[in-house]
Novice: 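Take this structure, written in structure tokens, and hold onto it; I'll ask about it next.
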Amino acid sequence: MDMPTDIGAFPLWVIIIDYVLGTVMWTLFGRFAMSIFLPEDSNFFFMRFFVRVTDPIIRVFKPVTPGFLLPWLHPVYVAWFFFMIRFYLMPWLLGYSVMGMLSFPLESEVSFMIYDLFGKILK
């Protein structure tokens, strides 16, 4: 399957920024999901990776994180900021009149790859 045509409409630097922001957002969600099943000090290598990678990001957002929020919810709260940047701020800064026009090229490309993979498997 070909690459989605709407991604090609954006400059490369926009796609790179979205991929970085999307990767950070999904890594924060991954840490939250892992924390449902494992403690933060777990020896499981995925959990150690998620904690090591996301701790600096969570520390940067500590001044705007409400004190009443439970610590294991901090990654979801910070991921929400990255979602808002990707969905609202980036399209607005790029001059699109419709909010969400640029939203989620990373997820769009991943969904096309999954669709293509399952299409090959199911044939």
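Throughout, residue positions are numbered sequentially from 1 according to the sequence presented.
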Novice: Would you mind reporting whether Phe44 and Met34 have side-chain heavy atoms less than 4.5 Å apart?
Specialist: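 The answer is yes; the side chains approach within 4.5 Å.
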Novice: To the nearest 0.5 Å, what is the distance between CG (Leu70) and OG (Ser35)?
Specialist: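 Here the rounded value is 11.0 Å.
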Novice: Could you tell me which non-hydrogen atom of Ile57 sits nearest to which non-hydrogen atom of Phe82, and how far apart they are?
Specialist: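 The pair with the smallest heavy-atom distance is CG2-CE1, 3.9 Å.
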Novice: Main chain of Val14, side chain of Tyr19: is a donor-acceptor contact present, judged purely on distance under 3.5 Å?
Specialist: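 Between the backbone of Val14 and the side chain of Tyr19 there is no qualifying donor-acceptor contact (under 3.5 Å).
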Novice: Does the ring centre of Phe83 sit less than 6.0 Å away from the ring centre of Trp80?
Specialist: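 Ring centres of Phe83 and Trp80 not closer than 6.0 Å.
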Novice: Which class fits the ring pair Phe32 and Trp72: parallel under 30°, tilted 30 to 60°, perpendicular over 60°?
Specialist: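 Judged by the thresholds at 30° and 60°, the geometry between Phe32 and Trp72 is parallel.
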Novice: For the CD1 atom of Ile114 and the CD1 atom of Ile121, what is their distance to the nearest 0.5 Å?
Specialist: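 Going from the CD1 atom of Ile114 to the CD1 atom of Ile121 covers 10.5 Å.
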Novice: Pair Phe29, Phe50 - check ring-ring contact (aromatic ring centres under 6.0 Å, His included), show working.
Specialist: CA-CA 9 Å; Phe29 279 129; Phe50 283 129; over 10 Å; no
Novice: How long is the gap from CZ on Phe81 to CG on Leu89, to the nearest 0.5 Å?
Specialist: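 Answer for the CZ-CG pair, Phe81 versus Leu89, is 12.5 Å.
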Novice: When rounded to the nearest 0.5 angstrom, what is the spacing between CZ in Arg86 and CE in Met25?
Specialist: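 So the gap between those two atoms works out to 4.5 Å.
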Novice: What's the spacing between Thr27 OG1 and Phe49 CZ if we round to 0.5 Å?
Specialist: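 Interatomic distance, Thr27 OG1 to Phe49 CZ, rounded to 0.5 Å: 6.0 Å.
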Novice: Please report the interatomic distance CD1(Ile85) to CG(Asp18), rounded to the nearest 0.5 Å.
Specialist: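 If I round to the nearest 0.5 Å, the distance is 11.0 Å.
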Novice: By side-chain hydrogen bond (donor to acceptor under 3.5 Å, both in side chains), which residues pair with Thr54, not counting sequence neighbours?
Specialist: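 Applying side-chain hydrogen bond (donor to acceptor under 3.5 Å, both in side chains) to Thr54 gives Arg31.
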Novice: Give a yes or no on whether Ile16 and Phe87 share a hydrophobic cluster (residues Ile, Leu, Val, Met, Phe, Trp, Tyr; joining criterion: side-chain heavy atoms under 4.5 Å apart).
Specialist: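 Hydrophobic grouping puts Ile16 apart from Phe87.
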Novice: Do the side chain of His74 and the main chain of Thr65 share a donor and acceptor less than 3.5 angstrom apart?
Specialist: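 It does not hold such a pair.
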Novice: Counting N and O atoms only, with roles assigned by atom type, does the side chain of Ser42 sit under 3.5 Å from a partner on the main chain of Leu38, one being a donor and the other an acceptor?
Specialist: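 Between the backbone of Leu38 and the side chain of Ser42 there is no qualifying donor-acceptor contact (under 3.5 Å).
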Novice: Using the side chain to side chain contact (heavy atoms under 4.5 Å, CB included) rule, take Tyr77 and Ile58 through it: C-alpha gap first, then chi angles, then the decisive distance, then the call.
Specialist: CA-CA 9 Å; Tyr77 181 76; Ile58 291 172; over 6 Å; no
